[in-house]
K.L.:
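Take a look at this one; I'll ask things after.
Just so it is clear, the model here is predicted, and its values are computed rather than measured. Order of the sequence lines sets the chain letters (A, B, ...), proteins ahead of strands, with each chain counted from 1.
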There are 2 protein chains.
Amino acid sequence: MKLSSKARYAVMAMADLATHDSGRPVTLQDIADRQELSLSYLEQLFGRLRRGGLVNSVRGPGGGYLLARSSGETRISDIVLAVDEPLRATRCMPGSPQGCRTDKKRCLTHDLWAELGNQIYLFLSSVTLDDVVARRVLGSSGLISAPPPAESAGSVEDRSDLALRH
Amino acid sequence: MKLSSKARYAVMAMADLATHDSGRPVTLQDIADRQELSLSYLEQLFGRLRRGGLVNSVRGPGGGYLLARSSGETRISDIVLAVDEPLRATRCMPGSPQGCRTDKKRCLTHDLWAELGNQIYLFLSSVTLDDVVARRVLGSSGLISAPPPAESAGSVEDRSDLALRH
DNA sequence: AGATACCCGAGTAATCCGGTCAACTTTACG
DNA sequence: CGTAAAGTTGACCGGATTACTCGGGTATCT
């Protein structure tokens, strides 16, 4: 799962679509204005979202896009997977055990990245579009149960100064 | 937290260092040979790791690098943070609420990415180098508690075909 | 002295990524 | 039917970032 800003923009746009869901199609132009994204870029994004079955399009005047499923049934992970195609593996990456050389056995860190990918996917699939627009995200989702093994310095509590890929 | 391949290489190298921890310094050349990484690149990586207090260096003949703390006390998150400096915020990113425009209120997806960053950090700080070399990663760590809200198609169970940043 | 190995900063080649553009198709409406 | 609104496609671009190299230091051991 690649977490580029493209994916983030797609989630923003989908959240916007969900909030303005009134049964009538929503124009990309409207979303572009509200979210301050370029129309051309949104077209590119929604092309993928439509092919991924997340939205339906209505052509012609009065057309636009509609959520294919309800916002409560649309998971964030679906959105991310729809816009960011998996990726080519560099060295050791989940999905490409052949990249794990250093003889035949899987490289030591393979399981680590695989499990991390799993964690991220589990988190993103536990959150729906509806959760996002209702601001029901923080703390609502499950938390890692295992505590840090040894505290070396400073406190862990909140590390919101994190990010994933520029 | 940026998860570049630089960070992955650093974790690989640290895992290698941990496995060959015999009290005597390990040369970068040895690690380079075993992990098939270039010496120059490793030098760059270990410069940061040393400045981050994760390893100690010994110069001169017979020199090399040593783990500053035991492998059980070295968290993966420490390694990643040492090697990948935080980042500059693009639009909405944790740590930069000012990027969340669309008037004054934080953008809808802000909390989502913040919480995701937190989840990743929590996971990576729950795993030590020792866990990695002992292959004690899979399933050992905590799992997200909240289940996916609605299953649309296919099963979720294992999504190891994920990755983070090329 | 000389060999070994860390140290460091500048440099580079490639890739990626956000974003644009132009042309085409489909549909509504008068 | 004609025109305009909207989606659809795909090629393209330029800047930023990454991954990685090179060349020259500096400490330290024998």
K.L.:
Reckon A:Arg51 has a side-chain N or O less than 4.0 Å from the OP1 or OP2 of D:dT9?
P.N.:
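Indeed, a polar side-chain atom of A:Arg51 lies that close.
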K.L.:
Using a cut-off of less than 4.0 Å, is there contact between a side-chain N or O of B:Tyr41 and OP1 or OP2 of C:dT12?
P.N.:
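No.
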K.L.:
What is the distance, to the nearest angstrom, from the CG atom on B:Asp84 to the P atom on D:dC20?
P.N.:
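It is 13 Å, rounded to the nearest whole Å.
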K.L.:
Ignoring hydrogens and angles, state whether a donor on the side chain of B:Asp16 or B:Thr19 is under 3.5 Å from an acceptor on the partner side chain.
P.N.:
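Absent: no donor and acceptor within the cut-off.
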K.L.:
Hey, does the side chain of B:Arg50 come within less than 4.0 Å of C:dC8's phosphate (OP1/OP2), counting only N and O?
P.N.:
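Yes.
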K.L.:
Determine whether A:Phe46 and A:Leu17 make a side-chain contact, defined as any pair of heavy atoms from C-beta on separated by less than 4.5 Å.
P.N.:
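A:Phe46 vs A:Leu17: side chains touch.
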K.L.:
Of B:Leu39 and A:Ser40, whose nearest nucleotide on DNA chain C comes first from the 5' end?
P.N.:
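Looking at DNA chain C, the more 5' nearest nucleotide goes with B:Leu39.
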K.L.:
Residues two or more places apart in sequence or in another chain: which of them pass side-chain contact (heavy atoms from CB on, under 4.5 Å) with B:Gln29?
P.N.:
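Result, side-chain contact (heavy atoms from CB on, under 4.5 Å) vs B:Gln29: B:Thr27, B:Ala32, B:Asp33, B:Leu39.
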K.L.:
Are any non-hydrogen side-chain atoms of B:Leu116 and A:Phe123 less than 4.5 angstrom apart?
P.N.:
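Counting from C-beta outward, B:Leu116 and A:Phe123 do come under 4.5 Å.
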K.L.:
What is the separation between atom CG on B:Leu42 and atom P on D:dC22, rounded to the nearest whole Å?
P.N.:
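The distance from CG of B:Leu42 to P of D:dC22 comes to 15 Å, rounded to the nearest Å.
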K.L.:
Taking CG from A:Leu28 and C1' from D:dT8, how many angstroms apart are they, rounded to a whole number?
P.N.:
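Taking CG of A:Leu28 and C1' of D:dT8, I get 11 Å after rounding.
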K.L.:
Quick test: give all pairs of protein nitrogen or oxygen and nucleotides 28-30 of chain D nitrogen or oxygen below 3.5 Å, distance rounded to 0.1 Å.
P.N.:
none

K.L.:
Which part of the nucleic acid, if any, lies within contact of A:Glu43, taking any heavy atom under 4.0 Å across all strands shown: a base, the sugar-phosphate backbone alone, or nothing?
P.N.:
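The residue A:Glu43 makes base contact.
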K.L.:
Distance check needed: D:dA11 C1' versus A:Gln44 CD, whole Å only.
P.N.:
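For the pair A:Gln44 CD and D:dA11 C1', the rounded distance is 11 Å.
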K.L.:
Show your reasoning for whether side chain to side chain contact (heavy atoms under 4.5 Å, CB included) applies to B:Leu124 and B:Arg75.
P.N.:
CA-CA 7 Å; B:Leu124 290 183; B:Arg75 298 192 300 261; over 6 Å; no
K.L.:
State whether B:Thr27 places a side-chain N or O below 4.0 Å from either non-bridging phosphate oxygen (OP1 or OP2) of C:dA5.
P.N.:
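Negative; the distance criterion is not met.
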K.L.:
Whole-Å distance between C:dT4 P and B:Gln29 CD?
P.N.:
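Spelled out: CD on B:Gln29 to P on C:dT4 is 12 Å.
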K.L.:
Okay, side chain of A:Thr128, backbone of A:Asp131: is any donor-acceptor separation there less than 3.5 Å?
P.N.:
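Answer holds: yes.
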K.L.:
Counting only side-chain N and O atoms of B:Ser57, is one of them less than 4.0 Å from OP1 or OP2 of C:dA5?
P.N.:
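For B:Ser57, the contact criterion (side-chain N or O under 4.0 Å from OP1 or OP2 of C:dA5) is not met.
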K.L.:
Starting from C1' on D:dA19, measure out to CE on B:Met12 and report it in whole angstrom.
P.N.:
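Whole-Å distance recorded here is 14 Å.
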K.L.:
Within the 4.5 Å heavy-atom criterion, are A:Leu28 and A:Glu43 side-chain neighbours or not?
P.N.:
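In contact.
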K.L.:
Would you indicate what B:Tyr65 reaches in the nucleic acid, counting non-hydrogen atoms under 4.0 angstrom: base, sugar-phosphate, or nothing?
P.N.:
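B:Tyr65: backbone/sugar contact only, no base atoms under 4.0 Å.
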K.L.:
Quick one: B:Leu45 CG to C:dG9 C1', roughly how many Å, whole number?
P.N.:
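In whole Å, C:dG9 C1' lies 16 Å from B:Leu45 CG.
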K.L.:
Tell me: CG of B:Leu37 to P of D:dC20, nearest whole Å?
P.N.:
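Roughly 8 Å, once rounded to whole Å.
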